[in-house]
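The next block holds one structure in the form of structure tokens; read it before the comments.
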There are 2 protein chains.
Amino acid sequence: MARWEPNARERLEAAAMELFQTRGYVATTVQDIAAQAGLTERTFFRYYTDKREVLFGRTEELQALIVDAVGKAGPATPPLDSVVGALEAVAPILEGRREHGKARYALIVAHPELRERELIKLTTLAAAVAEALRARRVPEPAASLAAEAGIAIFRIGYDRWIADAKSKTLSPHLRAAHKELKAVVGGQVVSTAARTKSGAASTPKPKGRGRS
Amino acid sequence: MARWEPNARERLEAAAMELFQTRGYVATTVQDIAAQAGLTERTFFRYYTDKREVLFGRTEELQALIVDAVGKAGPATPPLDSVVGALEAVAPILEGRREHGKARYALIVAHPELRERELIKLTTLAAAVAEALRARRVPEPAASLAAEAGIAIFRIGYDRWIADAKSKTLSPHLRAAHKELKAVVGGQVVSTAARTKSGAASTPKPKGRGRS
DNA sequence: CGTCTGATGTCAGACGCTGACATCGCGTCT
DNA sequence: AGACGCGATGTCAGCGTCTGACATCAGACG
């Protein structure tokens with residue numbers, strides 16, 4: 001029998017989620033979490049640099065999977081499509097923990113400090129995706145922009161998936177956001193009062209140099 | 001003669017910038033800042049909710065200007081164009097404080113906690129811009145996506161402007177990022193080895209970009 | 001002249017987080 | 001088997017961030 005119970009990390013994570021939901025995030029002390037997990041405050045900080053980090057322990061694995069999926073896309077796939085494809089490939093994992101995700105999401109939305117942490121995680125993810133695209137010979141700044149666009153699609157798609165009580169799957173929301181983004185950036189969606197035609201951006205003027 | 005020196009807020013801000021640059025962000029305590037400004041730690045926290053906030057005091061005004069500019073764009077302007085236009089309208093203000101911006105930027109890049117704060121400010125800005133677009137009858141999710149895209153353009157354009165020692169003006173960088181984003185989302189920029197997506201949705205929309 | 005107000009100071013304390021050092025089961029080497 | 005080192009955890013002390021409660025006092029205002 002080991003000197004200590006195993007899975008300290010998971011115990012801390014579970015304890016945190018439970019206490020956050022019952023007492024609230026601010027009212028829960030790191031000491032509380034550690035005690036609930038049968039550990040010490042000091043030990044908590046050996047596993048997590050931060051009180052907030054305990055809610056983001058799984059993001060690294062997810063990022064690795066996404067980056068991997070981006071790298072595996074066919075060479076003919078346009079960058080943004082490969083990013084969205086990678087997100088869809090990972091969607092099932094999120095779909096499997098929808099309830100947990102929803103509770104976590106509620107906490108994050110309600111607490112700016114958690115929102116900040118999530119944003120930097122997403123930004124880190126975007127940077128990693130951009131790097132993966134560069135590895136596939138996508139030039140800058142197209143790589144960064146495709147990554148940013150992909151993350152924006154993910155954010156909006158995820159939000160809507162969580163908000164949509166009916167929807168079991170995430171992918172359709174991602175595809176919808178992707179399609180909308182294309183329309184917006186392509187200049188096709190304008191105010192209901194103004195049609196495409198008048199806008200400058202819709203001028204079908206193919207400024208020369210097509211291919212490559 | 002007033003009981004206290006006026007402009008406490010500005011004094012705190014100036015003191016903070018100076019100390020952050022000389023001693024470094026972490027090595028500077030709130031007490032140091034307050035003392036340098038001739039005030040008390042407690043008073044610092046009356047002006048800024050946070051140690052970090054002292055570096056973001058001006059963002060609200062900027063946001064108001066941008067939102068205002070979005071609201072003033074012509075009704076026929078496509079949403080993303082009006083966002084980029086609003087950013088360009090505000091660019092001169094940033095251009096006037098390039099050195100300050102550069103120093104501040106260096107601090108932010110070097111300290112994750114500051115990066116987090118900046119990200120949430122940008123996200124707040126994006127939400128405000130989306131709201132302004134909705135007020136202009138741009139439907140969701142186009143409004144949110146256009147706002148997100150605009151902020152991504154701003155981020156990348158600003159980064160490159162700061163990095164580019166030669167460039168005095170920000171607007172060209174914004175326009176360049178905008179153009180690149182159109183290309184990326186339109187599916188025209190792909191790996192050097194591959195062509196436009198073979199199958200579907202890649203509408204061969206010739207990024208018209210008229211204007212100017 | 002008295003009162004009220006608002007910006008600041010003082011004080012005490014909770015909480016987040018860190019460095020330094022102690023503990024002690026367990027595997028390993030000899 | 002016995003000595004030894006390792007690694008996860010505990011203990012302790014302490015700094016810095018941030019907050020609530022209350023005191024102070026110059027100037028505005030009646």
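To find a chain, count down the sequence lines: A is the first, B the second, and so on, and within it residues start at 1.
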Side chain to side chain contact (heavy atoms under 4.5 Å, CB included) partners for B:Val67, two or more places apart
B:Gln63, B:Ala128, B:Ala132
Could you give the CG-to-P distance, from A:Asn7 to D:dA8, as a whole number of Å?
13 Å
Expected list for residues 106-121 of chain B near DNA chain D, using heavy atoms below 4.0 Å, is none
Can I get a per-line list of side-chain donor-acceptor pairs under 3.5 Å for residues 166-173 of chain A, giving both atom names and the distance, sequence neighbours left out?
residue: A:Ser167; atom: OG; partner: A:Thr169; partner atom: O; Å: 2.9
residue: A:Ser167; atom: OG; partner: A:His173; partner atom: NE2; Å: 3.1

Provide a list of protein-nucleic acid N or O atom pairs under 3.5 angstrom, restricted to nucleotides 10-14 of chain C.
none

Listed by chain and number, what are the side-chain hydrogen bond (donor to acceptor under 3.5 Å, both in side chains) partners of B:Asp32, not counting sequence neighbours?
B:Arg23, B:Thr29
Gap between atoms CG and P, on B:Asp50 and D:dT17 respectively (whole Å):
11 Å
Sequence neighbours excluded, the answer for side-chain hydrogen bond (donor to acceptor under 3.5 Å, both in side chains) partners of A:Lys179 is none
Report the distance from atom CZ of A:Phe44 to atom P of C:dC17, rounded to the nearest whole Å.
8 Å
Would you please name every residue forming a salt bridge (Lys or Arg N to Asp or Glu O under 4.0 Å) with A:Glu60, sequence neighbours left out?
none
Please report, rounded to the nearest Å, how far the C1' atom of C:dC17 is from the CG atom of A:Asp32.
16 Å
Go through the structure and list residues passing side-chain hydrogen bond (donor to acceptor under 3.5 Å, both in side chains) with A:Lys102, not counting sequence neighbours.
none
Pairing residues for B:Tyr25 by the side-chain hydrogen bond (donor to acceptor under 3.5 Å, both in side chains) criterion, not counting sequence neighbours
none
Could you check how far CD of A:Glu10 sits from P of D:dA8, rounded to whole Å?
14 Å
Between B:Tyr47 and C:dT8, does any side-chain N or O lie under 4.0 Å from OP1 or OP2?
yes
Picking from C:dC17, C:dG9, D:dT17, which would you name as closest to the side chain of B:Phe45?
D:dT17
Which nucleotide, in any strand shown, forms a Watson-Crick or G-U wobble pair with C:dC24, with both distances under 3.5 Å?
D:dG7
Is there a residue in residues 11-27 of chain B whose heavy atoms reach under 4.0 Å of DNA chain C, and which residues are they?
none
Atom NZ of A:Lys51 to atom P of D:dG16: distance rounded to whole Å?
22 Å
Round to a whole Å and report the spacing from CD of B:Gln31 to P of D:dC18.
13 Å
Only counting residues at least two apart or in another chain, list the ones meeting salt bridge (Lys or Arg N to Asp or Glu O under 4.0 Å) with B:Glu140.
B:Arg134
B:Asp50: side chain to side chain contact (heavy atoms under 4.5 Å, CB included) partners, not counting sequence neighbours:
B:Arg52, B:Glu53, B:Arg117
With a 3.5 Å distance limit and no angle check, can you tell me whether A:Arg11 reaches the backbone of A:Pro6 through a side-chain donor-acceptor pair?
yes
To the nearest angstrom, the CD-P distance between B:Glu41 and C:dG9 comes to 12 Å
Looking at A:Phe20, I'd like to know if the NZ or CZ of A:Arg104 sits under 6.0 Å from its six-membered ring centre while staying within 45 degrees of the ring's axis.
no
